[in-house]
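Here, residue 1 is the first one in the sequence, and each next residue gets the next number. When a ligand or atom number is given, it counts from 1 through the structure's own listing order.
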Amino acid sequence: MSNSKPKGMDGGLTNYGDPEFASFLRRSMARSMGVSRELLDKPVVGIAVTPSEFNNCHRLVPELAEAVARGVLAAGALPRSFPTISLGEVFLNPTSMVYRNLMSMDTEEMILGQPMDAVVLIGGCDKTVPAQLMGAASADRPAIQVVTGPMSTGRHRGQRLGACTDCRSFWAKYRAGSVDSDEIETVEGRLAVTAGTCAVMGTASTMASITEALGMSLPGTAAIPAVHSDRIVSAEMSGKAAVALIHNPIRPSDIITTGSVENAFRLLMALGGSTNAIVHLTAIALRRGIRISNERLNAISDETPVLVDLKPVGEGYMEDFHVAGGVQAVLRELKPLLNLDCIGVDGLTMGERLDAPDGWVDRAVIRPFGDPVSPVGGLIALTGSLAPEGAIFKRAAATPSLFETEGRAVVFEDLADLSARIDDPELDVAPHDVLVLKNAGPHGAGMPEAGYLPIPKKLAQAGVKDMVRISDARMSGTAFGSIVLHVSPEAAVGGPLAAIRNGDRIRLSVESKRIDLLVDEAEIKRRLDTFAPPPMPQRGYKALYRRSVLQAPDGCDFDFLTANSSERPT
Ligand code: FES
């Protein structure tokens, strides 16, 4: 932990060649905003705010920012909120993933470029929390994450509904013809009925939970519903805690360590959380030079049972998780497996956090270690001739009878080919085939959540519910099925995925953690001789993205932002 005096408004003065003039001018301009001289002499807490009318999940950010500011003021510092870009998952083309690194750069530079002694980051929707944590990890100024919290559920004909696992199951029923167009229109208005992030253990809720396990947010805060008064109180407490961090500086580099990253991965396994969290947590960790290998990831997964019974893996919603005991109750179950000396933003170690008296725990939602939902963790890494650098499989949300599958490849060259042919009645596909999507990785298409390939309509109508599906894409954290994702290297950089042809045999073995293309190595090489990458964008952010984006095992970060490529994280 480092010690430095707060600089307040005099931090990082504008370069005029006359620091005293720069300070005088800054204070003068600050006073134009109605801030008293007395407050201008206080330490400063920045509040990164991300409201946007293209981001439903952040609708209550202004209220949270007000509460954070109240906490900062009460603790004797000056709150200053500032905007960064906001990423609303379903409002961005081609996919929010393309813009995560842009938001992380915006966050990092605004933390460092503006005068603040600490920062509170308010985010929630899928990519926003990873982006803010990546930025904060690189900026390495004392930082606390506040999340917007999950939505509450809606009701439809007596059934609870929550985005977005139920969005997918209703859409699948509509495609199969068991739900008609009137009902699907009614359901559209009942899936997302409050402010907040998706109501299940999708990517946003997984990232909120991981942030708590990492120590970057206050304990007990990840799962509080967006509309609950405790959510506002937690924001106020986070503002107070940020001021404490100024006087007793604990930086992201003190908090994000190999031990805390492993704790976060362990929680991810116990939650049966989103596959996307592996990419994001990897990117956050690499900002501090920390890498968890596929072998270590699998060891953590094999040792850690799934303890939480929430959709998409199980039955409940995030509102149930909160009242059941939330992240701290899960961590208490995992305590013998955790690194207990990791410090958090509250100045307490993981061990001290977990020494807090046990609250009541709803065992229908959070199981005891000895009676898990599943004896092994939710996610595993696969390797093999189809994915030499790795792929991810969410075994907790897959069909066990498909865990050991050998099947014939039905190949779609890209997203356009998939949407043109998946429902073609002439498509040559059978229930035990393996659906393969190419060119949907970071370089190919920005790595959209397209890995949840729809079951071809003619098979869905015949009652087929799941098939092995393989791609270099990601999948929504709210989705489910026997789906191999993040195949690396991706097709668009000439990985073996690019070589697959219709009719090739593919073998998936969850037991051996392998994914293999059963084609001779020499033949794969011969097919790749004619490989040509997609055209390179020539200008703007898209050009920067394509020049710099790394593969999934490197968190899809930019090559110039990871710890080894920058002078900042030392
Ligand atoms: Fe924002 Fe699902 S759309 S978390």
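Note that Arg168 lies in the cation-pi zone of Tyr452, set by a 6.0 Å cut-off to the ring centre and a 45° limit from the axis.
Heavy atoms of Cys198 found under 4.0 angstrom from ligand 1 belong to the backbone as well as the side chain.
Close approach to Glu89 involves these atoms of ligand 1, each under 4.0 Å from a residue heavy atom: 3 (S). Close approach of ligand 1 to Asp126 is summarised as follows: ligand atoms under 4.0 Å from at least one heavy atom of the residue are 4 (S). Each of the atoms 4 (S) of ligand 1 lies under 4.0 Å from some heavy atom of Ala204.
The neighbour count for Glu315 CD, taken as heavy atoms of other residues, nucleotides or ligands under 6.0 Å away, does not exceed 12. Heavy-atom contacts from other residues, nucleotides or ligands closer than 6.0 Å to CD of Gln159 number more than 12.
To the nearest 0.5 Å, the span separating CZ on Arg291 from CG on Leu286 amounts to 5.0 Å.
From the protein, the heavy atom lying nearest to atom 3 (S) of ligand 1 is Cys57 SG, 3.5 Å.
At a cut-off of 2.8 Å, Cys125 is counted among the residues with an N, O or S atom near atom 1 (Fe) of ligand 1.
Relative orientation of the Tyr541 and Phe558 rings is tilted, given thresholds of 30° and 60° on the angle between their planes.
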